[in-house]
Visitor: 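One structure follows; several queries about it will come next.
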2 protein chains.
Amino acid sequence: MDHNKIPQATAKRLPLYYRFINNLNHQGKKRVSSKELSDAVKVDSATIRRDFSYFGALGKKGYGYNVEYLLGFFRKTLDQDETTDVALIGVGNLGTAFLHYNFMKNNNILIKMAFDSDPEKVGTTIGDVPVYHIADLEKKLDGVNVAILTIPASEADGITDRLVAEGITGILNFTPARITVPEYIRVHHIDLAVELQALVYFLKHYPLEETKQLD
Amino acid sequence: MDHNKIPQATAKRLPLYYRFINNLNHQGKKRVSSKELSDAVKVDSATIRRDFSYFGALGKKGYGYNVEYLLGFFRKTLDQDETTDVALIGVGNLGTAFLHYNFMKNNNILIKMAFDSDPEKVGTTIGDVPVYHIADLEKKLDGVNVAILTIPASEADGITDRLVAEGITGILNFTPARITVPEYIRVHHIDLAVELQALVYFLKHYPLEETKQLD
DNA sequence: ATATAATTGTGAAATCGGTCACGACTTATT
DNA sequence: AATAAGTCGTGACCGATTTCACAATTATAT
């Protein structure tokens, strides 16, 4: 696999590109230039061309990119043909938001099961996803190797250890805790309080002229 | 204000540092080394020392950092003494999660009001935050200049224009749409689907040895 | 007192990411 | 057919960020 050469910054933008190219295709658009794409996704057009170029020459000079070809290419590259199963741990408000989000539609990612300790929730189905008791984690979590953590910070370490023991390889962590995992496990942190506070900090301390859209 | 010299990457880590130093203080810890902090927040210790050094010599060689002093320093630096008001637009599951999150506790950020169009929600109070009708945005949004957008993508552009017209200067956008704003307005995007898909992409295409914890 | 261990702060180097700018090629126009 | 306009792919550059590695300083142990 030659994907090792792709910069992480580029890799993080791929899903974004994919979604917009998908939209264009649905709109019946046949071709698109890096400039048009740039306006839509708010990424510099040179950056888009550079990103695409890591995968070879996907476009035609003087023409742009063929939408259908591009879409097919990204589908393969992002493994859109193969569904990825995900488990959600913690059915609070944030967790529920995920359960109602239809990731299948664009992303071929399926939240296959959820876990919580609340007896009111256990046994129900939310957005077509069954909710199991957290005690049954080891019993139910079969073959799933990506988890979304939307639980209180105090639970994070304990649950993480159990997930790791069950062979989870990727965790999307919404907990404020910075969890400790073996080095072969990938964790992405999304810390809502930090994001909000960072935004506020930038507003107060950086001149408006320098403003940019961050992710 | 000499904060202009502080790199953005450093600025984004400050809230994280602040929270952990706060924890240490509550635990009664008197001193901490960059190495200990590194283990806790999963940021290289040299990076932590570099980050701190932008604010001057906060530590003592051979000793580390005095927790209480560090805490006081960061409190001032992050404007912990001055509350920032925020408006939340869209009281769905994700929005509700924010309303229940007590940002005041650590961050001196206050969600002062929320807006939605659902008559069931308008007029209620969720987590001490009053919910107004979205039609009253212009009437109620007074002096608040940071907004959290947790609405459907289709609404994003319209609401954004109204927020901008009302003088909002910062937007935390959870919508998949990449909104268009004047250049003097700061937008941070958090796209849950993209985050999840990026995680899956990394798992599939990057060797486990290279795994890192990203934000 | 002395030696050893710990830890900072930072110059220098390395890495990473983004942008400019232009040659090469394609398409559209006259 | 010739010219003009549009657009890609990329070498070169720049700035930001991270990491290395070590002198300087402080704390601890004997």
Side-chain angles (χ1 to χ4, degrees), chain A residues 3-14 16-17 21 24 29-67 69-70 73-74 198 202 205-207 209-215, chain B residues 3-14 16-17 21 24 29-67 69-70 73 183 189 198 202 206 210-215:
Chain A
H3 289 299
N4 285 357
K5 289 173 296 196
I6 291 155
Q8 299 217 353
T10 296
K12 287 190 81 167
R13 283 188 289 267
L14 296 182
L16 186 64
Y17 295 148
I21 295 164
L24 291 176
K29 221 153 177 317
K30 292 301 177 200
R31 57 183 268 194
V32 65
S33 69
S34 60
K35 183 65 177 55
E36 286 174 278
L37 220 37
S38 170
D39 291 339
V41 302
K42 316 292 181 195
V43 171
D44 187 272
S45 66
T47 300
I48 292 178
R49 292 199 301 281
R50 173 80 62 194
D51 283 346
F52 286 7
S53 78
Y54 291 116
F55 298 97
L58 303 180
K60 261 199 258 182
K61 296 178 179 185
Y63 172 87
Y65 301 91
N66 178 293
V67 172
Y69 176 76
L70 213 49
F73 184 85
F74 275 109
F202 280 125
H205 296 291
Y206 285 77
E209 292 74 30
E210 291 181 18
T211 298
K212 285 214 178 157
Q213 293 195 19
L214 297 188
D215 286 292
Chain B
H3 289 300
N4 286 358
K5 289 174 297 195
I6 291 157
Q8 299 214 356
T10 297
K12 286 192 80 168
R13 283 188 291 265
L14 295 182
L16 187 64
Y17 295 149
I21 295 164
L24 290 176
K29 222 154 175 320
K30 293 301 176 200
R31 56 183 270 195
V32 65
S33 69
S34 61
K35 183 66 177 53
E36 285 175 279
L37 220 37
S38 171
D39 291 339
V41 301
K42 318 291 181 195
V43 171
D44 187 272
S45 66
T47 300
I48 292 177
R49 293 199 300 280
R50 175 79 62 192
D51 284 345
F52 286 6
S53 77
Y54 292 115
F55 299 98
L58 303 180
K60 261 198 257 182
K61 297 180 178 185
Y63 172 88
Y65 301 89
N66 179 294
V67 172
Y69 176 76
L70 214 49
F73 184 84
E183 60 174 18
H189 296 279
F202 279 122
Y206 284 76
E210 289 180 19
T211 298
K212 285 208 181 165
Q213 294 194 17
L214 298 188
D215 287 294

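The sequence lines fix the lettering, A, B, ..., with proteins before strands; numbering per chain opens at 1. All heavy atoms count here, side chains included; hydrogens, waters and symmetry mates do not.
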Visitor: What is the distance from CG of A:Asp44 to P of D:dC8, rounded to the nearest Å?
Guide: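 It works out to 12 Å between those atoms.
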Visitor: Would you tabulate the nitrogen or oxygen pairs shorter than 3.5 Å linking the protein to nucleotides 12-16 of chain C?
Guide:
residue : atom : partner : partner atom : Å
C:dA12  : N6   : B:Arg50 : NH2          : 3.0

Visitor: Say you draw a straight line from CG of B:Leu14 to OH of B:Tyr54; how long is it, rounded to the nearest 0.5 Å?
Guide: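 Between atom CG of B:Leu14 and atom OH of B:Tyr54 there are 11.0 Å.
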Visitor: So what does B:Tyr65 hit on the nucleic acid, given a heavy-atom distance under 4.0 Å: a base, only sugar-phosphate, or nothing?
Guide: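 It contacts sugar-phosphate atoms only.
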Visitor: Do any side-chain nitrogens or oxygens of B:Thr47 fall under 4.0 Å of OP1 or OP2 in D:dT18?
Guide: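 Indeed not, no polar side-chain atom of B:Thr47 lies that close.
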Visitor: Which of these nucleotides, D:dT18, C:dT10, D:dT19, is closest to any side-chain atom of B:Ser53?
Guide: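 Within the option list, the nearest is C:dT10.
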Visitor: Rounding to a whole Å, what distance do you find between B:Ile48:CD1 and D:dT17:C1'?
Guide: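 These atoms are roughly 15 Å apart.
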Visitor: Round to the nearest Å and state the distance from B:Phe52 atom CZ to C:dT10 atom C1'.
Guide: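 So the CZ-C1' distance, B:Phe52 to C:dT10, works out to 16 Å.
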Visitor: Which pair of heavy atoms, one from B:Ala11 and one from A:Phe202, lies closest together, and at what distance?
Guide: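 Closest heavy-atom pair between B:Ala11 and A:Phe202: CB-CE2, 4.0 Å.
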Visitor: Taking side chain to side chain contact (heavy atoms under 4.5 Å, CB included) as the definition, give me every residue that meets it alongside A:Lys35, ordered by chain and number, with sequence neighbours left out.
Guide: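 Counting only residues at least two positions away or on another chain, A:Lys35 forms a side chain to side chain contact (heavy atoms under 4.5 Å, CB included) with A:Ser33, A:Asp39.
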Visitor: Nearest whole angstrom, please: distance from the P of C:dT10 to the CG of B:Asp51.
Guide: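 Rounded to the whole Å, the gap is 13 Å.
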Visitor: Extract from the structure each pairing of a protein N or O with an N or O of nucleotides 24-30 of chain D at less than 3.5 Å, listing the distance.
Guide:
residue : atom : partner : partner atom : Å
D:dT26  : O4'  : B:Lys61 : O            : 2.7

Visitor: Mind checking salt bridge (Lys or Arg N to Asp or Glu O under 4.0 Å) for A:Lys61 and listing every partner two or more places apart, or none if nothing turns up?
Guide: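 Partners of A:Lys61 under the salt bridge (Lys or Arg N to Asp or Glu O under 4.0 Å) test: none.
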Visitor: Once you round it to whole Å, what is the distance between P of D:dT7 and CD of A:Glu36?
Guide: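 Checked: the CD to P distance equals 7 Å.
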Visitor: Got a sec, which residues hit side chain to side chain contact (heavy atoms under 4.5 Å, CB included) with B:Ala40, two or more places apart in sequence or on another chain?
Guide: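 B:Ala40 satisfies side chain to side chain contact (heavy atoms under 4.5 Å, CB included) with B:Phe20 only.
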Visitor: So which atom in A:Val43 and which in A:Ser38 form the shortest heavy-atom distance, rounded to 0.1 Å?
Guide: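 That would be O-OG, 2.7 Å.
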Visitor: In whole angstrom, give the distance that lies between atom CG of A:Asn66 and atom P of D:dT7.
Guide: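 That distance rounds to 15 Å.
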Visitor: Which atom names give the shortest non-hydrogen contact between A:Lys30 and A:Tyr63, and what distance separates them?
Guide: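 Looking at all heavy atoms of both residues, the shortest contact is O-OH, 4.2 Å.
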Visitor: Please give the angle, rounded to 10 degrees, between the axes at the start and the end of the helix from C:dA1-D:dT30 to C:dT30-D:dA1, where five pairs define each axis.
Guide: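 That helix has its two terminal axes inclined by roughly 10°.
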Visitor: Name all residues meeting the salt bridge (Lys or Arg N to Asp or Glu O under 4.0 Å) criterion together with B:Lys42; count only those two or more places apart in sequence or in a different chain, and write none if there are none.
Guide: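 B:Lys42: no salt bridge (Lys or Arg N to Asp or Glu O under 4.0 Å) contacts found.
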Visitor: B:Tyr54 or A:Val32: which one's nearest nucleotide on DNA chain D is closer to the 5' end?
Guide: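 Per heavy-atom nearest nucleotide, the more 5' residue is A:Val32.
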Visitor: Using whole Å, report how far CG of A:Leu14 lies from P of C:dG17.
Guide: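 Checked: the CG to P distance equals 13 Å.
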Visitor: What's the CD1-C1' distance between A:Ile6 and C:dG17, to the nearest Å?
Guide: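 A:Ile6 atom CD1 is separated from C:dG17 atom C1' by 15 Å.
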Visitor: Looking only at heavy atoms, which two atoms of B:Leu37 and B:Leu24 are closest? And how far apart?
Guide: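 In this case the closest contact between B:Leu37 and B:Leu24 is CD1-CD1, 4.1 Å.
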Visitor: Counting C-beta onward and ignoring hydrogens, is there a side-chain heavy-atom pair between B:Leu70 and B:Leu58 closer than 4.5 Å?
Guide: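 SC-SC contact between B:Leu70 and B:Leu58 confirmed.
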Visitor: Can you tell me if B:Ser34 touches the phosphate of C:dT7, counting only side-chain N or O atoms and a distance under 4.0 Å to OP1 or OP2?
Guide: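 No, because none of the side-chain N or O atoms of B:Ser34 sits under 4.0 Å from OP1 or OP2 of C:dT7.
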Visitor: Using a cut-off of strictly less than 4.0 Å, decide whether B:Arg13 has a side-chain nitrogen or oxygen near OP1 or OP2 of D:dT18.
Guide: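 Yes, because at least one side-chain N or O of B:Arg13 sits under 4.0 Å from OP1 or OP2 of D:dT18.
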Visitor: Return the set of residues passing side-chain hydrogen bond (donor to acceptor under 3.5 Å, both in side chains) with B:Lys29 (not counting sequence neighbours), or none when no residue passes.
Guide: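 Here the qualifying residues are B:Glu36.
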Visitor: Can you give the donor-acceptor pairs under 3.5 Å from side chains of residues 45-52 of chain B to other protein atoms, not counting sequence neighbours?
Guide:
residue : atom : partner : partner atom : Å
B:Arg49 : NH1  : B:Ser34 : OG           : 3.1
B:Asp51 : OD1  : B:Thr10 : OG1          : 2.6
B:Asp51 : OD1  : B:Arg13 : NH2          : 3.0
B:Asp51 : OD2  : B:Arg13 : NE           : 2.7
B:Asp51 : OD2  : B:Arg13 : NH2          : 3.2
B:Asp51 : OD2  : B:Tyr17 : OH           : 2.6

